[in-house]
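Everything on this sheet refers to the single structure shown next.
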Amino acid sequence: MSGTPRKILILGVGNILYTDEGVGVRAVERLLETYDFSDNVTLMDGGNLGMKLMQPLMDCDYCIVLDAVLGGDAPGTVYRLTGEDLRKSLAFKDSMHQSDLVDTLIYCELIGKRPEAVVIGMEPLDFQNMSIELSPAIADRIPAMIDIALAELADVGGVATPKKGEGEKARGETL
């Protein structure tokens with residue numbers, strides 16, 4: 001596999017109807033608006049698809065999940081989670097999402113194709129009230145979440161380039 005770039009999936013998950021629970025999906029939307037990506041990178045709005053994410057997960061070598069995370073710190077705190085810490089992610093719980101994403105990854109492993117996965121998550125302010133808008137405090141922190149996701153992407157062999165005319169919106173450097 002040397003010489004072949006890893007297939008990377010940036011997966012935004014969460015329910016956009018519940019305010020800050022949709023932060024991962026909103027971050028992917030912002031990435032799509034402001035960056036172009038190398039051919040080995042796919043971005044996807046995974047919403048709350050649960051087990052329906054098995055095929056996209058099995059099709060990648062590395063998955064960067066963007067989501068709301070209940071870590072107990074101040075709203076807007078950005079986390080990088082791997083291994084057992086993945087269960088702090090709202091998508092990795094059996095609450096509002098259809099299925100536990102950790103279980104989905106385990107099923108991928110049983111089939112023989114589980115990608116490496118990391119969650120770049122943000123502590124929500126409000127994930128219980130219905131609103132399609134993020135709370136202002138969380139919306140203001142999306143650039144910080146994106147910067148960390150882009151650094152992760154660069155570390156695993158993906159390239160993101162700010163779209164022309166998006167210099168102020170696209171946070172971070174050309175990777």
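Quick note: numbers below take in every heavy atom, side chains included, and nothing from hydrogens, waters or symmetry partners.
Minimum heavy-atom separation, Met44 to Leu9: CB-CD1, 3.9 Å. Smallest separation of non-hydrogen atoms from Ala149 and Leu66: CB-CD2, 3.8 Å. Across every non-hydrogen atom of Val28 and Asp45, the tightest pair is CG1-N, 4.5 Å. Summarising the geometry of Leu11 relative to Cys63, their closest heavy-atom pair is CB-SG, 4.0 Å, with the distance given to 0.1 Å. Contact between Pro75 and Leu125 at its shortest, heavy atoms only, is CG-CD1, 3.6 Å. Scanning both residues, Leu53 and Gly46, for their nearest heavy atoms gives CD2-CA, 4.0 Å.
Considering only heavy atoms from C-beta on, Tyr35 comes within 4.5 Å of Pro162 through its side chain. When side chains are defined from C-beta on, Val65 counts as touching Val13, because their heavy atoms get closer than 4.5 Å. In this structure the side chain of Val119 reaches within 4.5 angstrom of the side chain of Val69, judged on heavy atoms. At least one side-chain heavy atom of Val23 sits under 4.5 Å from a side-chain heavy atom of Met122. Residues Ile10 and Phe37 are in side-chain contact: their nearest non-hydrogen atoms beyond the backbone lie under 4.5 Å apart. Residues Tyr18 and Gln128 are not in side-chain contact: their nearest non-hydrogen atoms beyond the backbone lie 4.5 Å or more apart. Side-chain contact between Glu116 and Arg6 is present, with heavy atoms from C-beta onward closer than 4.5 Å.
Arg26 contributes atom CZ, which lies 13.0 Å from atom CD1 of Ile146 (distance to the nearest 0.5 angstrom). Residue Glu29 holds its CD atom at 6.5 Å from CD1 of Ile16, rounded to the nearest 0.5 Å. With values rounded to the nearest 0.5 angstrom, Asp59 atom CG is found 6.5 Å from Lys7 atom NZ. One distance of note links CG of Leu134 with CG of Asp140; it measures 10.0 Å at 0.5 Å rounding. The distance from atom OG1 of Thr82 to atom CD of Glu152, rounded to the nearest 0.5 Å, is 9.0 Å.
In terms of hydrophobic clustering, with Ile, Leu, Val, Met, Phe, Trp and Tyr side chains grouped at heavy-atom distances under 4.5 Å, Val25 and Leu70 are assigned to different clusters. Leu153 is connected to Ile142 through a chain of hydrophobic side-chain contacts under 4.5 Å among Ile, Leu, Val, Met, Phe, Trp and Tyr, so both are in one cluster.
Side-chain contact annotation: Glu123 with Tyr79, donor-acceptor N/O pair under 3.5 Å present. For the residue pair Ser38 / Asn40, a side-chain donor-acceptor distance below 3.5 Å is found, with atom types taken as modelled.
Side-chain atoms of Thr34 come within 3.5 Å of backbone N or O of Arg30 as a donor-acceptor pair. A donor-acceptor pair under 3.5 Å is formed between the side chain of Arg141 and the backbone N or O of Gly76.
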Report the C-alpha distance between Ile111 and Met58 in whole Å, list the side-chain angles of each, state the deciding distance to 0.1 Å, and finish with yes or no for side chain to side chain contact (heavy atoms under 4.5 Å, CB included). CA-CA 9 Å; Ile111 291 172; Met58 290 189 304; 3.9 Å; yes
Trace of the side chain to side chain contact (heavy atoms under 4.5 Å, CB included) decision for Ile120 with Met145: CA-CA 7 Å; Ile120 307 301; Met145 183 182 210; 4.1 Å; yes
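Each of Thr19, Asp126, Asp20 was checked for a side chain to side chain donor-acceptor pair (under 3.5 Å) with Ser135, and the lone residue meeting it is Asp20. With Ile64 as reference, Val118 is the one residue of Leu43, Val41, Val118 to meet the side chain to side chain contact (heavy atoms under 4.5 Å, CB included) rule.
A salt bridge links Asp61 with Lys113: the distance from a Lys NZ or Arg NE/NH1/NH2 to an Asp or Glu carboxylate oxygen falls below 4.0 Å.
Counting heavy atoms of neighbouring residues, nucleotides and ligands inside a 6.0 Å radius, atom CD1 of Ile132 does not exceed 12 of them.
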